[in-house]
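Heads up, the thing below is written out as structure tokens.
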Amino acid sequence: HTGFNPDDFYIGVEYTPYYFQDYGPIERKHIAFSPVSGKADTYRGTLAFRKDGRYILKIEGTDCVTGAPVSYLDSFVIDSVAPVMSLTFDKNKEKGGFFTDAVTGTLKVTEANFDKTLVKVSVKQKLPGQNDFKEIAAGSPFQGVTVSTFSKTIPFTEEGAYSVDITYRDSGGLSAAPIHEEFFIDRTAPVLDVRFDDAAPVMSNYYNQFRKATITVDEANFDPELVTVTQSAGRGGEEVEPPVVSSWQSDGNKHTATILYDKDGEYSLAVSCSDMAGRQAESFAEQAFIIDTTPPAYTVTGITSDKKGEG
């Protein structure tokens, strides 16, 4: 600008930390202007902003030739610190990563330049008997704890499995470490059921058909290592290896294994189980039985072909 005079310009800066609602008083700044090399009537000045916070920059002046007012207004944010997030619970998890009752999670975000709309919280739930997770409400609104700390609570009240994912990228493009939690709430003892097929005994505990036992455990928090199958087997007065328990098959909360008794012999079976919280199912008491599918072999002796006795 021809006839440029820095004193004809008023440069004011309003500054506030993130956590104050109102900007502070306008502070006049003096900038040293210098001609720009190779550009006639062009001057450059530098103003540094070093504190994190929100700023409003105002420049007002008068054109030296026309006398017309000249103004410039801008606002911006400086944010050099990434946000920090944490998710804590009001109860301790049991071994295996589950809770034995309802639990409340508290999400805390430490961030000076906080914008709750940028916090992405996903809570998914799978109720007992369901195979798929479904999105549910993500708790209460955020509340201010301190000038730069904000929190919200997330209740988990129903029995079932949960998956929680939380991300936050602030308006300055800085991201907090993402949070991922998986856990379940288990308040119910397992239910154990042992049933044999429809083979009917010939008498008492004697069977002339092979048998199959089906073991079913109804339990959300299932661990096959917590099922104890106790067997014995004998044949011809000697102990033999009992039948093998099949691998477990799961359908939702139903977990099933089978035992096939497909050889003659004397057998016994007892089953017990517990869950990871130590709750015991009602046990299946020992049941003894005998399988004999071989028809008896008869031998007749004492009959001869001597005819002397005829007459």
Side-chain angles (χ1 to χ4, degrees), residues 85-109 116-143 150-168 176-196 212-229 245-259 271-284:
M85 297 192 302
S86 64
L87 180 63
T88 58
F89 299 95
D90 61 351
K91 295 182 179 68
N92 293 325
K93 287 181 183 178
E94 302 291 333
K95 183 180 178 181
F98 68 96
F99 298 98
T100 57
D101 207 342
V103 64
T104 298
T106 298
L107 170 62
K108 184 172 75 173
V109 181
K116 63 182 180 182
T117 64
L118 300 178
V119 182
K120 307 303 180 185
V121 182
S122 171
V123 180
K124 295 179 180 179
Q125 176 192 58
K126 184 173 70 172
L127 296 175
Q130 294 180 346
N131 291 322
D132 300 318
F133 282 89
K134 295 182 180 179
E135 195 87 21
I136 62 172
S140 64
F142 276 101
Q143 303 290 331
F150 305 84
S151 71
K152 67 179 293 179
T153 57
I154 308 173
F156 304 93
T157 58
E158 295 184 279
E159 193 169 31
Y162 293 88
S163 177
V164 182
D165 287 283
I166 306 169
T167 59
Y168 178 38
I179 293 174
H180 177 73
E181 284 278 355
E182 291 184 1
F183 60 91
F184 47 90
I185 297 174
D186 185 0
R187 292 192 287 246
T188 306
V191 177
L192 171 66
D193 181 65
V194 179
R195 295 175 185 265
F196 286 88
K212 182 174 77 172
T214 300
I215 305 169
T216 303
V217 179
D218 189 343
E219 168 60 39
N221 176 26
F222 179 70
D223 182 352
E225 295 297 322
L226 298 177
V227 181
T228 301
V229 178
V245 181
S246 74
S247 59
W248 288 90
Q249 303 297 319
S250 297
D251 182 9
N253 287 354
K254 301 285 187 181
H255 314 277
T256 304
T258 58
I259 306 172
V271 185
S272 63
C273 78
S274 62
D275 63 16
M276 291 184 182
R279 287 180 289 252
Q280 293 285 334
E282 184 175 347
S283 298
F284 176 76

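This one's a predicted model, so the numbers in the text were calculated from it and none came from an experiment.
- You'll find the side chain of Asp223 stays beyond 4.5 Å of the side chain of Asp275, heavy atoms only.
- Contact check for Ile259 versus Val229: side-chain heavy atoms found under the 4.5 Å cut-off.
- Side-chain atoms of Val119 and Phe150, non-hydrogen and from C-beta on, never get closer than 4.5 Å to each other.
- In this structure the side chain of His180 reaches within 4.5 angstrom of the side chain of Ser163, judged on heavy atoms.
- With rounding to the nearest 0.5 Å, the separation of CG in Asn92 from CD in Glu94 is 8.5 Å.
- Evaluation of the salt bridge (charged side-chain N to carboxylate O under 4.0 Å, His left out) rule for Glu282 yields no partner, not counting sequence neighbours.
- Between the side chains of Thr88 and Thr106, no donor-acceptor pair of N or O atoms lies under 3.5 Å.
- The side-chain heavy atoms of Leu226 and Met276, taken from C-beta on, include a pair separated by under 4.5 Å.
- Residue Lys93 qualifies as enclosed at atom NZ: its count of foreign heavy atoms under 6.0 Å is above 12.
- Put simply, OG1 on Thr100 and CZ on Arg279 are 6.5 Å apart, with the number rounded to the nearest 0.5 Å.
- Using cut-offs of 30° and 60° for the angle between ring planes, the Phe98 and Phe184 rings count as parallel.
- Annotation: side chain of Leu107 is in contact with side chain of Ile179 (closest heavy-atom distance under 4.5 Å).
- Here Lys120 pairs with nothing under the side-chain hydrogen bond (donor to acceptor under 3.5 Å, both in side chains) rule; sequence neighbours left out.
- Between atom NZ of residue Lys126 and atom CD of residue Glu158 there is a gap of 15.0 Å, rounded to the nearest 0.5 Å.
- A 4.5 Å side-chain heavy-atom check between Thr167 and Asp165 finds every atom pair outside the cut-off.
- Shown here for Val109 and Met85, the closest heavy-atom pair between the two residues is CG2-CG, 4.0 Å.
- Phe284 is not listed as a side-chain neighbour of Ile215, based on a closest heavy-atom distance of 4.5 Å or more.
- Counting heavy-atom neighbours within 6.0 Å of Arg187 CZ, excluding the residue itself, gives a total above 12.
- Between Ala281 and Pro190, the shortest heavy-atom distance links the atoms CB-O, 3.1 Å.
- Annotation for Lys152: atom NZ counts as buried by contact number, over 12 foreign heavy atoms lying within 6.0 Å.
- For Phe156 and Phe99, the ring centers are positioned 6.0 Å apart or more.
- Going from atom NZ of Lys124 over to atom CD1 of Ile136 covers 11.5 Å, rounded to the nearest 0.5 Å.
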